[in-house]
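The structure under discussion appears below in the form of structure tokens.
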Amino acid sequence: SVFRPFVRLRGTPDPATVRPEAVLRDSLLTLLRGDPKPGGGGWEDVREQLWSIRQDLLVQHLHRGSFAAEVSVASARLAVDAGDVAELHRGLAALVASGPCADRVRERWSATARDEVLALRLLFLTHGGLE
């Protein structure tokens with residue numbers, strides 16, 4: 001299934017429930033197109049799907065790759081549209097992280113992508129991000 005409810009893990013994930021990267025890409029594209037909408041179609045349902053995608057990336061150790069960065073940027077954009085400062089922070093956290101993995105992802109970004117992330121970060125900081 002393209003959509004899967006977010007479930008807080010309390011142990012080792014069941015490999016049968018973890019979606020492969022190709023399915024996660026389809027899930028993100030479906031979310032961005034907005035058709036069909038998950039659950040009731042509100043922001044909370046979209047946000048839950050973003051959490052679910054990030055979780056599946058994490059358990060497969062794909063959370064530091066270029067697709068994870070795409071998910072983070074999309075999440076930050078959608079959070080801005082929804083006015084959700086906390087989710088904007090979650091989306092940006094991986095993008096502005098320090099360390100060799102984050103550096104490798106940023107090295108591949110275009111100047112436009114770097115500028116967009118900087119703009120999103122400034123938006124976050126001016127709307128309560130330091131509280």
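Source: prediction; values computed, not measured.
Across every non-hydrogen atom of S52 and R19, the tightest pair is OG-NH2, 2.7 Å.
With T30 contributing its side chain and D26 its backbone, the two residues share a donor-acceptor pair below 3.5 Å. Side-chain atoms of S27 come within 3.5 Å of backbone N or O of V2 as a donor-acceptor pair.
V117 and V85 fall within a single hydrophobic cluster, where Ile, Leu, Val, Met, Phe, Trp and Tyr side chains are chained together by heavy-atom contacts under 4.5 Å. Under a hydrophobic clustering in which Ile, Leu, Val, Met, Phe, Trp and Tyr are joined whenever their side-chain heavy atoms come within less than 4.5 Å, directly or via other members, L32 and V71 fall into the same cluster. Taken together through direct or relayed side-chain contacts under 4.5 Å among Ile, Leu, Val, Met, Phe, Trp and Tyr, V73 and L29 form parts of separate hydrophobic clusters. Grouping the Ile, Leu, Val, Met, Phe, Trp and Tyr side chains by contacts below 4.5 angstrom, directly or via other members, places L88 apart from L118.
For R4, the salt bridge (Lys or Arg N to Asp or Glu O under 4.0 Å) partners two or more places apart in sequence, or in a different chain, are D56. The ring-ring contact (aromatic ring centres under 6.0 Å, His included) check on F6 picks up W51, with sequence neighbours excluded.
Atom-to-atom distance recorded for E116:CD and R77:CZ is 4.0 Å, nearest 0.5 angstrom. The CG atom of L31 sits 13.0 Å away from atom CZ of R47, with the distance rounded to the nearest 0.5 Å. Annotation: the span from I53 atom CD1 to E48 atom CD amounts to 11.0 Å, rounded to 0.5 Å. Put simply, CG on L120 and OG on S72 are 11.0 Å apart, with the number rounded to the nearest 0.5 Å. The CD atom of Q55 lies 11.0 Å from the CD atom of Q60; values are rounded to the nearest 0.5 Å.
Taking 4.5 Å as the limit, some side-chain heavy atom of L28 sits within range of a side-chain heavy atom of L50. Side-chain contact between W43 and D81: absent, with no pair of heavy atoms (C-beta onward) separated by less than 4.5 Å. A 4.5 Å side-chain heavy-atom check between L24 and L62 finds every atom pair outside the cut-off. With contacts defined as side-chain heavy-atom distances shorter than 4.5 Å, the pair L58/R54 does not qualify.
The local environment of CZ in R121 is sparse, with at most 12 non-hydrogen atoms from other residues, nucleotides or ligands closer than 6.0 Å.
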